[in-house]
Asker: 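Mind having a look at this structure? Questions to follow.
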Amino acid sequence: MLSIELIRRNPELVAAGLARRGEETALAELIDLDASRRVWVTERDELRATHNEMSREFGKLMAASKQGGGDEERMTALRAETQSTSERIEALENQINDAEAKIETMMLVLPNLPLDSVPEGLDETANIIDRSWGDPRTFDFTPQAHWDLGEQLGVIDMERGSKISGARFYVLKGAGAQLERALINWMLNVHTREHGYTEMALPAMVREQTMIGSGNLPKFGENLYHDAEEDLWLLPTAEVPLTGLHRDEILEPGTLPIRYVAQTPCFRREKAAAGRDTRGIKRVHQFSKVEMYKLVDPADSAAELETLVADAEDLCQRLGLPYRILSLCAGDIGFQSAKTYDIEVWSPGCEEWLEVSSCSTCEDFQARRSNLRYRPEAGARPQFMHTLNGSGLALPRIIIAILENYQRADGSVEVPDVLKPYMGYDVITA
RNA sequence: GGAGGGGUGGCCGAGUGGACGAAGGCGCCUGUCUUGAAAACAGGUGUGGGGCAACUCACCGUGGGUUCGAAUCCCACUCCCUCCGCCA
């Protein structure tokens with residue numbers, strides 16, 4: 001959520017920021033509503049003040065009358081007056097409630113403003129390659145795509161995945177399942193032991209309010225699974241429950257930064273991508289992901305974004321997977337993001353750059369939605385913190401990258417060095 | 001699923017429908033005293049909205065209702081706890 005004060009004070013700046021994302025938003029109605037609301041609130045509060053006063057006087061007269069010294073006429077007049085005042089208050093209240101509901105509806109669909117350092121552009125073609133690492137491996141044979149490799153090796157079973165659950169579901173078997181487990185273990189260990197994150201195990205279903213807090217609702221419900229009976233939503237990412245964790249709290253001085261890491265299943269309906277990436281396990285309805293998340297002092301968020309990316313990069317480097325880092329342009333960053341870096345790993349089999357991590361700073365956007373505040377120092381006013389999130393890393397895509405990058409001419413796949421202790425063997429063979 | 005109990009300020013904990021934003025205690029902050037600290041004593045100590053100063057309004061799990069007036073009464077919901085049943 002953007003700050004209503006900012007919109008009120010500096011509408012041009014907000015409109016310009018939204019325009020960079022390609023959002024044509026008319027703020028005039030919002031600003032008018034906000035102005036009306038404030039007028040009505042003042043009026044209502046004044047009425048309430050006189051109402052309270054009259055009610056107190058009535059109480060005193062009531063007490064006096066019990067002692068036998070009441071002023072019946074005054075009491076009757078007061079009762080009539082307070083009643084009519086109540087009616088006026090109620091009318092104003094209805095106007096205010098309507099206005100506030102409309103304001104909230106509008107505010108909840110406004111995306112975050114891109115930072116100045118975000119590249120200009122409206123779609124992915126304007127993303128900028130910030131840097132890259134490693135050289136794509138050269139092969140003296142034609143590298144296979146993971147859907148062929150996985151099937152030959154018996155580690156990915158697409159057919160049975162769709163048999164039991166439908167399109168875009170898959171089954172990992174034997175070394176495939178072990179590879180996923182090894183990756184999760186290894187990644188969590190690196191993040192908790194070396195990068196300073198605290199490991200969390202989280203619910204995979206959340207309430208609507210939690211989805212609103214992270215920015216996934218009300219706008220992107222189409223991409224989420226929802227259980228109507230219990231009114232719970234399945235996570236598209238651990239970012240959602242991690243954002244909700246400290247909702248409505250005021251963190252004491254000295255508690256920030258907080259760095260969390262969590263492995264959760266992620267569920268996505270992929271409606272918008274219907275028909276795209278239908279082969280293999282690149283785009284599926286359910287996958288596992290290790291997610292890093294930070295709650296920080298606003299002064300530190302820019303630096304924390306860089307270390308967040310570095311923490312994800314570190315994993316790619318240790319896995320020996322060549323990658324590039326994109327700075328997403330204003331039109332391509334996510335709804336809640338103020339700035340995003342994507343890490344893409346080269347996959348020689350399907351011959352494409354695979355997005356294995358997306359690292360964003362949301363500044364105070366999610367903090368406003370979720371009411372995440374901290375006290376800068378003892379006795380100071382609470383203020384909104386900044387939140388950041390980044391994959392570290394997305395599992396199926398890393399599995400794709402490992403299979404395709406580490407394949408050998410005979411169709412076997414070498415296990416990356418860092419995972420060998422976790423797997424217990426060096427090569428995946430049929 | 002059944003039965004019962006309960007959600008009050010950072011914490012504990014009072015609160016007969018009328019000056020309760022809320023007693024008391026703890027904690028915390030400031031001051032006095034002290035070489036310093038502790039103790040003692042005095043004062044202060046929630047969040048949000050409007051104005052952005054004085055001030056004012058709201059908030060006692062959430063949402064409705066009754067009333068001139070609700071933390072207090074009524075209804076619904078929600079969360080927590082205890083016991084029984086069921087499942088693991």
Asker: Answer with base, sugar-phosphate or nothing: what part of the nucleic acid does A:Arg56 contact at a heavy-atom distance below 4.0 Å?
Answerer: base

Asker: Nearest to the side chain of A:Arg8, heavy atoms from C-beta on, is which of B:C68, B:G50, B:U47?
Answerer: B:G50

Asker: Dot-bracket for RNA chain B, 5' to 3', with Watson-Crick and G-U pairs under 3.5 Å, [ ] for crossing pairs and | for other-strand pairs: what is it?
Answerer: ((((((((.[[[..)..(.....]]]((((((.......))))))(((((....))))).[[[[[..)....]]]]])))))))....

Asker: Looking at OH of A:Tyr293 and OG1 of A:Thr243, how far apart are the two atoms once the value is rounded to the nearest 0.5 Å?
Answerer: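 That separation rounds to 3.0 Å.
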
Asker: Which distance, rounded to the nearest 0.5 Å, do you find between the CG of A:Leu388 and the NE2 of A:His386?
Answerer: 9.0 Å

Asker: Please report, rounded to the nearest Å, how far the P atom of B:G51 is from the CZ atom of A:Arg9.
Answerer: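 My rounded result for the distance is 13 Å.
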
Asker: Output the rounded distance in Å from CZ (A:Arg44) to C1' (B:G50).
Answerer: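 Spelled out: CZ on A:Arg44 to C1' on B:G50 is 9 Å.
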
Asker: Rounded to the nearest Å, what distance is computed from the CE atom of residue A:Met54 to the C1' atom of nucleotide B:G69?
Answerer: 12 Å

Asker: How about A:Ser347 and A:Lys282: does a side-chain donor come under 3.5 Å of a side-chain acceptor?
Answerer: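 Judged by distance alone, the side chains do not pair up.
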
Asker: Given the P atoms of B:U62 and B:U67, what is the spacing between them in whole Å?
Answerer: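 It works out to 23 Å between them.
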
Asker: Do A:Asn112 and A:Leu2 have side chains that get closer than 4.5 Å, going by heavy atoms?
Answerer: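 The answer is yes, as the side chains (C-beta and beyond) meet within the 4.5 Å cut-off.
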
Asker: Nearest whole angstrom, please: distance from the P of B:G21 to the CZ of A:Arg48.
Answerer: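 For the pair A:Arg48 CZ and B:G21 P, the rounded distance is 14 Å.
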
Asker: Flag the pair A:Leu328 / A:Val118 as yes when at least one side-chain heavy-atom distance between them is below 4.5 Å, and no otherwise.
Answerer: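 No, every pair of side-chain atoms sits at 4.5 Å or beyond.
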
Asker: Can you check the distance between B:C80 and B:U30, where both ends of the measurement are the P atom (answer in whole Å)?
Answerer: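 Between the two P atoms, the distance is 39 Å.
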
Asker: Counting only side-chain N and O atoms of A:Asn52, is one of them less than 4.0 Å from OP1 or OP2 of B:C57?
Answerer: yes

Asker: For A:Glu100 and B:C59, give me the distance from atom CD to atom P, rounded to whole Å.
Answerer: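 Rounded to whole Å, this separation is 14 Å.
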
Asker: Is it true that the side chains of A:Asp342 and A:Ser358 contain a donor and an acceptor less than 3.5 Å apart?
Answerer: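 Side chains of A:Asp342 and A:Ser358: pair found under 3.5 Å.
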
Asker: With rounding to whole Å, what would you report as the distance between B:A71 and B:G17 at their P atoms?
Answerer: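 Looking at atom P only, B:A71 and B:G17 are 13 Å apart.
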
Asker: Shorter than 3.5 Å, N or O on both sides, protein versus nucleotides 75-81 of chain B: list them out with atom names.
Answerer:
none

Asker: Taking the same atom, C1', in B:A38 and in B:G24, what whole-Å distance lies between them?
Answerer: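 It works out to 25 Å between them.
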
Asker: What integer distance in Å separates A:Arg381:CZ from B:G49:P?
Answerer: 7 Å

Asker: Distance check, rounded to the nearest 0.5 Å: A:Tyr260 atom OH versus A:Met292 atom CE?
Answerer: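 So the gap between those two atoms works out to 16.0 Å.
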
Asker: Please figure out whether A:Glu5 or A:Ser86 has its closest RNA chain B nucleotide nearer the 5' end.
Answerer: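 Its nearest nucleotide lies further toward 5', so the answer is A:Glu5.
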
Asker: From A:Arg88 CZ over to A:Arg48 CZ, what is the distance, rounded to the nearest 0.5 angstrom?
Answerer: 14.0 Å

Asker: Both A:Ala49 and A:Phe58 contact RNA chain B. Which one's nearest nucleotide lies toward the 5' end?
Answerer: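 Nearer the 5' end of the strand: A:Ala49.
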
Asker: For B:C59 and B:G69, measure between their P atoms and round to the nearest Å.
Answerer: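 Approximately 13 Å lies between the P atom of B:C59 and that of B:G69.
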
Asker: Could you list the donor-acceptor pairs under 3.5 angstrom formed between side-chain atoms of residues 423-430 of chain A and any protein atom two or more places apart in sequence or on another chain?
Answerer:
residue	atom	partner	partner atom	Å
A:Tyr425	OH	A:Gln178	OE1	2.4

Asker: Quickly work out the A:Asp248 CG to B:G46 C1' distance and round it to whole Å.
Answerer: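 Distance check: A:Asp248 CG to B:G46 C1' gives 14 Å.
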
Asker: Would you say the side-chain atoms of A:Glu199 and A:Thr192 include a donor-acceptor pair closer than 3.5 Å?
Answerer: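 No, A:Thr192 and A:Glu199 have no side-chain donor paired with an acceptor closer than 3.5 Å.
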
Asker: Between B:G15 and B:C87, how far apart are the two P atoms, rounded to whole Å?
Answerer: 43 Å

Asker: When all nucleic acid strands are considered with a 4.0 Å heavy-atom cut-off, which category describes A:Arg373: base, sugar-phosphate, or nothing?
Answerer: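 Sugar-phosphate only.
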
Asker: Between B:C20 and B:G13, how far apart are the C1' atoms? Round to whole Å, please.
Answerer: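 Pairwise C1' distance, B:G13 against B:C20, rounds to 16 Å.
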
Asker: Starting the side chain at C-beta, find the nucleotide from B:A58, B:G51, B:U47 nearest to A:Arg38.
Answerer: B:G51

Asker: What is the distance, rounded to the nearest whole Å, between atom CZ of A:Arg37 and atom P of B:G51?
Answerer: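 For the pair A:Arg37 CZ and B:G51 P, the rounded distance is 9 Å.
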
Asker: Which part of the nucleic acid does A:Ser55 contact within heavy-atom distance under 4.0 Å: base, sugar-phosphate only, or nothing?
Answerer: base

Asker: Taking the same atom, P, in B:G25 and in B:C79, what whole-Å distance lies between them?
Answerer: 37 Å

Asker: I'd like to know whether A:His226 forms a side-chain hydrogen bond (donor to acceptor under 3.5 Å, both in side chains) with A:Asp231, so could you lay out the CA-CA distance, the side-chain angles of the two residues, the decisive distance to 0.1 Å, and finally the verdict.
Answerer: CA-CA 7 Å; A:His226 176 236; A:Asp231 194 18; 2.8 Å; yes

